[in-house]
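Only one structure is covered here, and it is reproduced in the block below.
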Amino acid sequence: MSVEESLERSTSAASLAHAQRLSEKIKEKINTSPEEFRVLTGDRPTGNLHLGHYFGSLRNRVELQRKGVETWLVIADFQVITDRDGTGPIRERVRSLATDYLAVGIDPDAAVIFPHSAIPGLNELMLPFLSLVTDAELRRNPTVKAEHEATGGRPLSGLLLTYPVHQAADILFCKANLVPVGKDQLPHLEQARVIADRFEARYGRPAGRETPVFPRPQALLSEGTSILGLDGAKMSKSRGNTIEIGMSADETAKRIKKAVTDSDRHITYDPEGRPEVSNLLLLASLAQGRPAVEIAEEIGDGGAGTLKKIVTESINEMFAPIRAKRAELAKDPGYVDGIVRRGIEMANERANKTLAEVREALQMVY
Ligand code: TRP
């Protein structure tokens, strides 16, 4: 390992630990004063949401909202074209994502759901924000690097290089101070804080303002329940190893039937030694809300067949109400579209306000 590499690793381990400690403190604060927080988070509309999304982030968002935290959800449609040539069936995907949000329990009356392409004021923030970052900073971003590597030799697009700045605009246009994300998003959060700080340092505040134009957004790290795909690799739509939130009970059963296991009939929870079997146990554990070890002990010598049966039953049972709601919503696309249109209106109103403050700070008011 080069000095540079080891330096990079140790700093990111230290900053991960720091982010985790901070997240714990924030969680305590949310319980006592939820009104002090505004959450913004979101997803790329590249495919249907799966159980990895559900256990990794969606259910936390619902929980935050239930606690009374104001919630903004960005459907990051521009991020779809950071590393591909077309937008695909984007309208259907945006609608499907919004449908998933509502089906899992996001309250449409208390949340703002919007695709960022429909918010000109948000997108315009990208210009002044770009002036606040350097190309070296952007090129160092480990998540951008990893995403670029995953494209297998595709030239790095300007949008892939700069999307963390656009993501800062997603967060800052509505002055969110809390961003629930997985650890891969920490570099982007750091970039957003740097942008907020530099904006304040360079342009200060419009006359008469007491607080900075942009708050410093903090990450709220998700619990770290990361589940694997049914083949033991990372859960991803393109590998066909996912269980989608919207799948039917039969489709779920079929997928789980094909899941990879091992030849030891005695079922044990051993994530290091038996990743595939343990991942199935983890799924059952999450769905049943009790320890994986306990479930493993009950199965004992029952083998992979029993394990799969239990996983299938517990997932289908847990997701039955969500799926029923999803099916109902899917019958009424006009309703879902209406929620998104209202989200767009509210986001535009907020973006225009923020943009006016930015113009004032830049003295670009004509
Ligand atoms: N980049 C995020 C992802 O791939 C999605 C996203 C877009 C996001 N804008 C955001 C997340 C703003 C948090 C805040 O998952």
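What you see is a predicted model, and the numbers here were worked out from it, not measured in a lab. Counting convention: from 1, in listed order, for ligands and their atoms alike.
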The protein residues that pass the under-4.0 Å heavy-atom test against ligand 1 are L40, T41, G42, R44, V74, A76, Q79, Q167, D170, I171, V179, V181, Q185
So ring pair (Phe, Tyr, Trp, His ring centres under 6.0 Å) across residues 56-89, not counting sequence neighbours, yields W72-F173, F78-H116, F78-H166
With sequence neighbours excluded, residues passing side-chain hydrogen bond (donor to acceptor under 3.5 Å, both in side chains) with K309:
none
Got a list of side-chain donor-acceptor pairs under 3.5 Å for residues 339-349, not counting sequence neighbours?
unit_1: R342; atom_1: NH2; unit_2: P108; atom_2: O; d: 2.7
unit_1: N348; atom_1: ND2; unit_2: A118; atom_2: O; d: 3.2
unit_1: N348; atom_1: ND2; unit_2: I344; atom_2: O; d: 3.3

With rounding to the nearest 0.5 angstrom, report the CD to CG distance, Q218 to L220.
10.0 Å
Salt bridge check, K175 against E357: does any charged N sit closer than 4.0 Å to a carboxylate O?
yes
Run the salt bridge (Lys or Arg N to Asp or Glu O under 4.0 Å) test on R154 and E147 for me, step by step, so that the C-alpha distance in whole Å, both residues' side-chain angles and the decisive distance to 0.1 Å come before the verdict.
CA-CA 11 Å; R154 205 186 143 97; E147 282 167 340; over 6 Å; no
